[in-house]
2 protein chains.
Amino acid sequence: MKENLIARATLGRLPLYLQYLQTLPANSCVNISATTIAKELGLGEVQVRKDLGSVIGTGKPKIGYVTKDIISKLEKVLGTNDKKYAILVGAGKLGRALFEYKGFEDYGLEITAAFDNDETKWSDTLSGKEIYPTDKLVEYCIEHNVKIGIIAVPESAAQAVCDMMLTAGITAIWNFAPISPIVPEGVLLQQENLALSLAHLKIQMLNSDK
Amino acid sequence: MKENLIARATLGRLPLYLQYLQTLPANSCVNISATTIAKELGLGEVQVRKDLGSVIGTGKPKIGYVTKDIISKLEKVLGTNDKKYAILVGAGKLGRALFEYKGFEDYGLEITAAFDNDETKWSDTLSGKEIYPTDKLVEYCIEHNVKIGIIAVPESAAQAVCDMMLTAGITAIWNFAPISPIVPEGVLLQQENLALSLAHLKIQMLNSDK
């Protein structure tokens with residue numbers, strides 16, 4: 001099974017499973033069932049079965065899973081031990097919010113530096129990390145072997161920033177600007193649209209009113 | 001078809017279709033085909049057919065869709081003419097970024113006010129909108145008939161903020177805090193995890209390296 005086919009909702013729960021399993025005493029919990037995990041985490045059993053199924057397949061009847069196997073599989077899927085570093089361009093409100101967001105660690109991810117054209121920001125640090133001039137981007141990424149870039153600049157600057165990232169050898173881009181920059185084949189581009197979640201909520205609300 | 005079953009990716013493209021169709025001269029484009037829409041927007045024809053199919057069904061062979069029918073259906077699904085207002089609690093970096101985010105308008109949504117406990121923020125305005133003390137929340141929501149609340153406070157404050165929203169009559173909550181607050185049945189709760197998109201990108205990257 002290709003890991004990139006794991007559903008977004010499942011992916012959101014995998015760190016929960018991993019954290020729980022890692023806290024278990026190794027000797028007393030050689031095996032564990034989906035039922036136990038579901039109960040301990042307050043989740044539905046069907047959901048846990050489905051989630052684990054998409055990662056590691058079904059457990060053995062009456063025995064369940066080998067605990068250390070699920071742990072190592074979850075670590076592999078989440079890339080916990082294969083930490084990747086990302087940089088961020090655009091230290092505005094959104095950029096700063098992302099820079100300080102705590103949730104990335106669960107997925108073996110860290111944003112190590114931010115870049116901005118505004119020189120008044122260069123003297124700032126965010127959570128002890130530096131904000132650099134944007135023209136240092138290429139040098140930084142090559143030196144630190146960074147392959148993931150986050151675009152948090154306005155629409156008008158997005159393509160130029162994207163081109164700079166490509167020059168820097170970045171191969172995966174998470175873009176918050178409301179245009180889709182042009183990237184060559186082989187470069188992963190993930191377009192973010194914050195409005196979509198709120199729109200989903202509104203549409204559900206409109207439907208439930210009926 | 002229930003509108004809340006529309007896929008997230010489709011939902012992201014619907015405003016594109018609507019904007020394009022609204023710019024067409026009404027007389028000369030009574031009908032339009034998925035092929036034309038795909039070509040004009042630089043999208044795949046199969047994708048456009050699938051997107052429109054999930055909203056309005058299939059067009060007539062050789063004729064396509066009645067333009068004004070797609071427009072009104074898209075407006076209905078997106079709730080463009082049924083504008084909803086939201087409030088936000090927590091005017092930190094993330095809250096401010098959301099407050100100033102432009103993309104909500106496409107979905108007939110507006111964040112009209114922010115609330116924060118920190119009195120140094122009360123004198124601020126963001127994009128000309130006010131930041132109020134959190135204890136004004138209930139009064140404000142009732143007075144302005146706001147039914148959507150956004151939680152952008154730290155984990156420790158999330159449940160208290162959520163409870164206050166429920167008292168204020170809010171029925172749909174978009175939560176950015178990394179805990180899932182407890183809400184009664186009938187209240188819509190959408191949990192946001194910003195790390196997921198970056199994690200998805202990383203997992204795709206790990207897989208494409210193989």
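Convention: sequence-line order gives letters A, B, ...; per-chain numbering from 1. In what follows, every heavy atom counts, from backbone to side chain, and hydrogens, waters and symmetry copies are set aside. Remember, predicted model here, so these are calculated numbers, not experimental data.
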Cut-off 4.5 Å, heavy atoms of chain A, and the answer for B/Asp106 is neither

Go through it in stages, so that I can follow the logic: the residues are B/Leu98 and A/Leu198, the test is side-chain contact (heavy atoms from CB on, under 4.5 Å), and I'd like the CA-CA distance, side-chain angles, deciding distance and then a yes or no.
CA-CA 11 Å; B/Leu98 290 169; A/Leu198 193 53; over 6 Å; no

Heavy atoms only, distances under 4.5 angstrom: which of B/Asn193, B/Ile150, B/Leu188, B/Leu94 has the most pairs with chain A? Name it, please.
B/Leu188

So, the part of B/Gln191 with a heavy atom under 4.5 Å from chain A: the answer is neither

Atom pair CG/OH of B/Leu201 and A/Tyr107 - distance to nearest 0.5 Å:
14.0 Å

Examine whether an atom of A/Tyr101 lies under 4.5 Å from a heavy atom of chain B, and if so say whether it belongs to the side chain, the backbone or both; otherwise answer neither.
side chain

Are the side chain of B/Lys202 and the backbone N or O of A/Gly79 linked by a donor-acceptor pair below 3.5 Å?
yes

If you measure from CD on A/Glu192 to CG on B/Leu196, what distance do you get to the nearest 0.5 Å?
9.5 Å

NZ/A/Lys76 to CD1/B/Ile203 distance, rounded to the nearest 0.5 angstrom?
11.0 Å

Comparing A/Pro15, A/Ser197, A/Gly186, A/Ala199 against chain B, the one with the most heavy-atom pairs below 4.5 Å turns out to be A/Ser197

Sort out for me which of A/Pro178, A/Ala86, A/Gly108 touches chain B most, counting heavy-atom pairs under 4.5 Å.
A/Gly108

Residues A/Gln204, B/Gln190; criterion side-chain contact (heavy atoms from CB on, under 4.5 Å); working and verdict
CA-CA 10 Å; A/Gln204 284 176 61; B/Gln190 184 146 316; 3.5 Å; yes

Got more than 12 heavy atoms from elsewhere within 6.0 Å of CD, A/Glu110?
yes

Honestly, the part of B/Ile148 sitting under 4.5 Å from a heavy atom of chain A is side chain

Return the minimal non-hydrogen interatomic distance between B/Ala195 and A/Gly103, and the atom names on each side.
CB-O, 3.4 Å

